[in-house]
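Here's the structure, in structure tokens; my notes come after.
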Amino acid sequence: MGKQEKLVKDITSMEEDFAKWYTDIVKKAQLMDYSNVRGCMILEPYGFAIWENIQKILDKKFKGLGHENVAMPLLIPESLLQKEKDHIEGFAPEVAWVTHAGSEKLQERLCIRPTSETLFCEYFSRKVHSWRDLPKLYNQWCSVVRWEKTSRPFLRSVEFHWQEGHTIHETQEEAQNETMRMFNTYADFCENELCMPIIKGRKTDKEKFAGAESTYTIEAMMHDGKILQSGTSHYFGDGFCKAFDITYQDRDNKPSYPYETSWGMSTRIIGGIIMTHGDNNGLVLPPDIAPIQIIIIPISMNKPGVLEKAKEIYNILKEKYRVKLDESNQTPGWKFSEYEMKGVPIRLEIGPKDIEKGQCVLVRRDNREKSFAPLDNLDNEIKQVFIKFKESLYEKALNQRNSLMREAKTKDDFRKICSEKHGFIRSMWCGKEKCEEILKEELSVSSRCISLLDDKISGKCAVCGEDAKHLVYWGKAY
RNA sequence: CGAGGUGUAGCUCAGUUUGGUAGAGUGCUUGGUUUGGGACCAAGAUGCCGCAGGUUCGAACCCUGUCACCUCGACCA
């Protein structure tokens with residue numbers, strides 16, 4: 001194991017310093033680099049490839065549900081941003097402004113979009129006239145700017161890439177269903193493709209999106225017990241429509257306000273993947289989004305037939321998988337470590353001994369479990385390994401989350417839990433913002449979400465002792 | 001925005017206490033030998049010591065300012 005120590009020399013171990021482990025790993029795996037603008041990051045090819053795979057999967061899901069992609073402008077006139085009061089109040093502190101064009105001062109300054117609700121609303125106000133124009137189901141892939149004071153790779157940056165869906169509907173019910181439909185789309189994506197167990201819920205008024213009537217969220221626990229908001233879906237009611245004067249003639253020939261939703265997932269989820277599955281040897285990427293799913297490493301390349309066989313396997317596998325053959329001059333040991341660090345799910349070794357037996361070696365990234373796969377049944381073996389790989393990624397993350405899940409009945413419980421390592425904290429809550437603030441101020445935990453299954457609850461608020469209205473998941477947030 | 005820390009070769013860092021003109025490991029280039037868990041030999045290239053002022057005969061080192069990054073808070077989609 002002496003050589004393993006050499007590998008991790010440059011990477012701090014998770015147990016020693018999780019935050020440092022994280023930044024070491026994103027740089028070492030060449031996912032991103034810092035740029036010249038404070039808080040802005042460069043997505044390097046390997047990191048961007050992960051995002052592209054996420055895009056492909058989500059885009060397909062969205063289109064399958066009837067959404068169309070559009071591209072809104074980057075700039076928003078100040079007057080437009082001002083229209084919805086809660087919205088501007090929420091975003092004003094962190095918007096960047098364009099004030100000049102060349103040397104001339106602009107008559108009205110333009111903000112770089114922090115999110116595009118206002119642009120969509122303005123557009124809808126001109127396009128929606130009749131109930132026959134509804135619904136409109138739009139999405140855009142873009143980047144937005146929020147001038148955050150601190151930044152961390154993927155988790156928080158001044159500019160970040162995301163998708164934002166914006167829809168507009170005839171009825172409240174239809175819009176609410178859309179909100180839930182996209183909420184569930186995100187949840188399924190996290191659990192099925194990213195192998196990340198998540199908690200689904202609704203944000204408290206304190207934590208919900210600026211301008212939304214309700215915000216639904218998926219929350220995931222990271223290795224260090226902190227909680228990452230991983231995707232949100234908002235129901236706007238008719239608030240924005242009223243602010244932007246979006247009206248249409250309804251089926252009864254009366255003027256009516258439509259109802260809106262928006263929903264988004266960002267490159268932040270890449271940080272979530274890293275902090276959910278990664279280990280001290282580097283990244284561990286779920287196969288569905290891994291830029292390289294299988295790395296082929298020829299052993300004793302100079303022996304006759306080895307490289308030829310490796311290329312033959314490569315050519316077959318590339319039809320179905322994202323596969324790479326590393327025929328560089330590095331030693332096998334070096335390659336093993338390199339691709340482990342990069343999180344490649346399966347390593348395929350092929351050497352003289354294997355060729356004799358008509359097989360190759362498959363090694364799983366997560367537990368280094370080896371299996372011998374006959375070359376004439378390779379595709380099937382790989383499929384099986386991927387299935388098992390994904391199952392154990394999910395199971396491992398779930399076990400970890402459950403082992404750090406805590407229950408608080410009183411404030412003393414909260415105090416005790418917060419003094420040691422913990423993940424989600426479940427407790428009853430009266431619904432008053434004051435109790436939320438007390439926990440935030442005294443113990444730095446915030447409400448992550450209100451359980452969706454809290455209709456029939458009974459009990460007392462863990463903070464004030466009054467009758468509880470909700471079951472809430474709390475935690476230290478990223 | 002508050003507290004603390006770090007900026008020296010592509011990367012990880014030593015050198016700063018006590019000022020004298022640039023170092024190690026790794027990586028990189030070339031050639032050769034190697035290859036089942038980070039191989040070896042030989043020859044090479046690589047620096048405005050974050051940036052700007054100041055002190056000094058002389059500054060990576062001392063002083064002032066500034067910028068960036070990291071950590072913990074505060075703030076926050």
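Naming convention: chains lettered A, B, ... in sequence-line order (proteins, then strands); numbering from 1 in each chain.
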**Prompt:** On a whole-Å scale, what distance lies between the C1' atoms belonging to C48(B) and U21(B)?
**Reply:** 13 Å
**Prompt:** Considering Watson-Crick and G-U wobble pairs with both distances under 3.5 Å, what does U56(B) pair with?
**Reply:** none
**G36(B) to G73(B) separation - P atoms, rounded to the nearest Å** = 46 Å
**R365(A) bridged to D279(A) by N-O distance under 4.0 Å** = yes
**Message:** Let's test this: given Watson-Crick or G-U wobble pairing with both distances under 3.5 Å, identify the partner of A39(B).
**Reply:** U33(B)
So which protein nitrogen or oxygen atoms get under 3.5 Å of nucleotides 34-36 of chain B's nitrogens or oxygens?
unit_1	atom_1	unit_2	atom_2	d
U34(B)	O4	N329(A)	OD1	2.3
U35(B)	O2'	S300(A)	N	3.0
U35(B)	O2	Q330(A)	O	3.3
G36(B)	O6	K353(A)	N	3.3
G36(B)	O6	D354(A)	OD2	3.2
G36(B)	N1	D354(A)	OD2	2.6
G36(B)	N2	E349(A)	OE1	2.6
G36(B)	N3	E349(A)	OE1	3.4

**Prompt:** Quantified in whole Å, what is the P atom distance between nucleotide G47(B) and nucleotide G65(B)?
**Reply:** 32 Å
**Request:** Name the closest nucleotide to the V363(A) side chain, picking from C70(B), A74(B), G37(B).
**Result:** G37(B)
**Request:** For Q229(A), report the nucleic acid contact type (base, sugar-phosphate, nothing); a contact means any heavy atom under 4.0 Å.
**Result:** base
**Message:** Any strand counts, and the cut-off is 3.5 Å on both contacts for Watson-Crick or G-U wobble. Which nucleotide pairs with A24(B)?
**Reply:** U12(B)
**Asked** What nucleotide among C70(B), C76(B), G73(B) has an atom nearest to a side-chain atom of Y34(A)?
**Response** C70(B)
**Message:** Between P on G10(B) and CD on E44(A), what's the gap in Å once rounded to a whole number?
**Reply:** 16 Å
**Request:** Figure out the CG/C1' separation between D205(A) and C76(B), and round it to whole Å.
**Result:** 17 Å
**Request:** Nearest whole angstrom, please: distance from the P of A68(B) to the NZ of K149(A).
**Result:** 15 Å
**Asked** Choosing from G37(B), U71(B), C76(B), which nucleotide comes nearest the side chain of T23(A)?
**Response** U71(B)
**Message:** Need one value for T115(A): base, sugar-phosphate or nothing, where a base atom within 4.0 Å counts as base even if backbone is also close, heavy atoms only.
**Reply:** nothing
**Request:** Check the distance between G73(B)'s P and L443(A)'s CG and give it to me in whole angstrom.
**Result:** 13 Å
**Prompt:** What is the distance from CE of M341(A) to P of G37(B), rounded to the nearest Å?
**Reply:** 19 Å
**Message:** Between C63(B) and U46(B), how many Å separate the two P atoms, rounded to a whole number?
**Reply:** 33 Å
**Request:** Before accepting this row, confirm whether a basic side-chain N of the pair R368(A)/E340(A) lies closer than 4.0 Å to the acidic partner's carboxylate O.
**Result:** yes
**Fill in**
Taken to the nearest whole Å, CZ/R38(A) to C1'/C67(B) is 9 Å
**Request:** Pick the P atom in U35(B) and in C49(B), then give their distance to the nearest Å.
**Result:** 44 Å
**Prompt:** Salt bridge or not for E436(A) and K206(A), using N-O below 4.0 Å?
**Reply:** no
**Complete:** Checking G37(B), C75(B), C72(B) against the side chain of R347(A) (C-beta onward), the nearest is G37(B)
**Presence of salt bridge, D205(A) and K208(A), under 4.0 angstrom** = yes
**Item:** Spacing between D24(A) atom CG and U12(B) atom P, to the nearest angstrom
**Value:** 8 Å
Using distance only, find each side-chain donor-acceptor pair of residues 44-54 of chain A under 3.5 Å and give its atom names and separation, not counting sequence neighbours.
unit_1	atom_1	unit_2	atom_2	d
Y46(A)	OH	K342(A)	O	2.6
N53(A)	ND2	A49(A)	O	3.2
N53(A)	ND2	I289(A)	O	3.1

**Item:** Identified pairing partner of U6(B), criterion: Watson-Crick or G-U wobble below 3.5 Å
**Value:** A68(B)
**Request:** On the 0 to 90° scale, with breaks at 30° and 60°, tag the F120(A)-Y138(A) ring pair as parallel, tilted or perpendicular.
**Result:** tilted
**Message:** Distance check, C1' atoms only: U56(B) and A9(B), in whole angstrom units.
**Reply:** 29 Å
**Message:** Please name the nucleotide paired to C1(B) by Watson-Crick or G-U wobble geometry with both distances under 3.5 Å, or report none.
**Reply:** G73(B)
**Prompt:** Which part of the nucleic acid does S151(A) contact within heavy-atom distance under 4.0 Å: base, sugar-phosphate only, or nothing?
**Reply:** sugar-phosphate
**Request:** Report which part of the nucleic acid R152(A) touches: base, sugar-phosphate, or nothing (heavy-atom distance under 4.0 Å, all strands).
**Result:** sugar-phosphate
**Message:** Under the side chain to side chain donor-acceptor pair (under 3.5 Å) test against H67(A), which residue among Q163(A), E178(A), H166(A), K61(A) passes?
**Reply:** E178(A)
**Prompt:** Reckon F160(A) touches a base, only the sugar-phosphate, or nothing at all at heavy-atom distances under 4.0 Å?
**Reply:** nothing
**Item:** Cation-pi, F183(A) ring and K200(A) (6.0 angstrom, 45 degrees)
**Value:** yes
**Prompt:** When you compare A42(B) with A60(B), how far apart are their P atoms, in angstrom units rounded to a whole number?
**Reply:** 34 Å
**Message:** Salt bridge or not between K309(A) and E312(A)? Use side-chain N to carboxylate O under 4.0 Å.
**Reply:** yes
**Request:** Can you tell me the distance, in whole Å, between the CD atom of E16(A) and the C1' atom of U71(B)?
**Result:** 14 Å
**Prompt:** Are F240(A) and H87(A) close enough that their ring centers fall under 6.0 Å?
**Reply:** yes
**Item:** Pairing partner (Watson-Crick or G-U wobble, both distances under 3.5 angstrom) of U17(B)
**Value:** none
**Request:** With heavy atoms under 4.0 Å as the rule, sort G39(A) into base, sugar-phosphate or nothing.
**Result:** sugar-phosphate
**Asked** Rounding to the closest angstrom, what is the interatomic distance between C72(B) and G58(B) at atom C1'?
**Response** 41 Å
**Fill in**
Taking for G90(A) and for Y22(A) the nucleotide of RNA chain B with the nearest heavy atom, the one nearer the 5' end belongs to Y22(A)
